[in-house]
Amino acid sequence: MAEAPLIANVVGTAAALCSMTSFAPQIMKIWREKDASSVSLRMYVVTVTGFILWTAYGFLIGSWPVAASNIVCLLMSGAILTLKWRFSHGDRRGSRT
């Protein structure tokens with residue numbers, strides 16, 4: 001029966017890594033193109049809210065892996081929201097040559 005916790009930990013770790021890294025391509029694309037017009041503001045507001053709630057849940061149940069992975073996801077999705085705001089307001093400082 002010791003295999004069940006090991007399998008659960010491996011699956012949980014894989015899920016956390018996939019969730020955390022899933023935002024990197026979008027962040028890189030927005031930064032490289034200096035354009036976030038295709039990013040849904042509503043979707044990322046809901047996503048950030050969800051990660052805030054998941055982080056709170058992790059702390060409430062005393063699960064640092066849940067809290068920590070969701071803090072990383074919160075920071076990355078928050079970065080996308082910040083870039084959406086920045087490039088939606090005509091601020092293209094990074095595109096100067």
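Counting from 1, the numbers follow the sequence of the chain as shown. For clarity, every value in this text was computed on a predicted model and none was experimentally measured.
Clustering ILVMFWY residues whenever any of their side-chain heavy atoms sit less than 4.5 angstrom apart, transitively, puts L81 in the very cluster that holds M43. Each of V48 and L53 belongs to its own hydrophobic cluster when Ile, Leu, Val, Met, Phe, Trp and Tyr are linked at side-chain heavy-atom distances under 4.5 angstrom.
Considering CG of L60 and OG1 of T55, their distance stands at 10.5 Å, rounded to 0.5 Å. Separating the CZ atom in R42 from the OG1 atom in T47 is a distance of 14.0 Å, to the nearest 0.5 Å.
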All N/O donor-acceptor pairs, side-chain side in residues 68-76, below 3.5 Å, sequence neighbours left out:
unit_1 : atom_1 : unit_2 : atom_2 : d
S69    : OG     : P65    : O      : 2.9
S69    : OG     : V66    : O      : 3.3
N70    : ND2    : V66    : O      : 2.8

Side-chain donor-acceptor pairs under 3.5 Å in residues 10-30, sequence neighbours left out?
unit_1 : atom_1 : unit_2 : atom_2 : d
T13    : OG1    : N9     : O      : 2.8
S19    : OG     : A15    : O      : 3.1
T21    : OG1    : L17    : O      : 2.8
T21    : OG1    : C18    : O      : 3.4
S22    : OG     : S19    : O      : 2.8
K29    : NZ     : E33    : OE1    : 3.0

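A donor-acceptor pair is defined here as one N or O able to donate and one able to accept, closer than 3.5 Å; such a pair exists between the side chain of K84 and the backbone of V39.
With sequence neighbours left out, S37 forms a side chain to side chain donor-acceptor pair (under 3.5 Å) with D35. Evaluation of the ring pair (Phe, Tyr, Trp, His ring centres under 6.0 Å) rule for Y57 yields W54 as partners, not counting sequence neighbours.
Across F51 and S77, no two heavy atoms sit closer than the pair CD1-OG, 3.5 Å.
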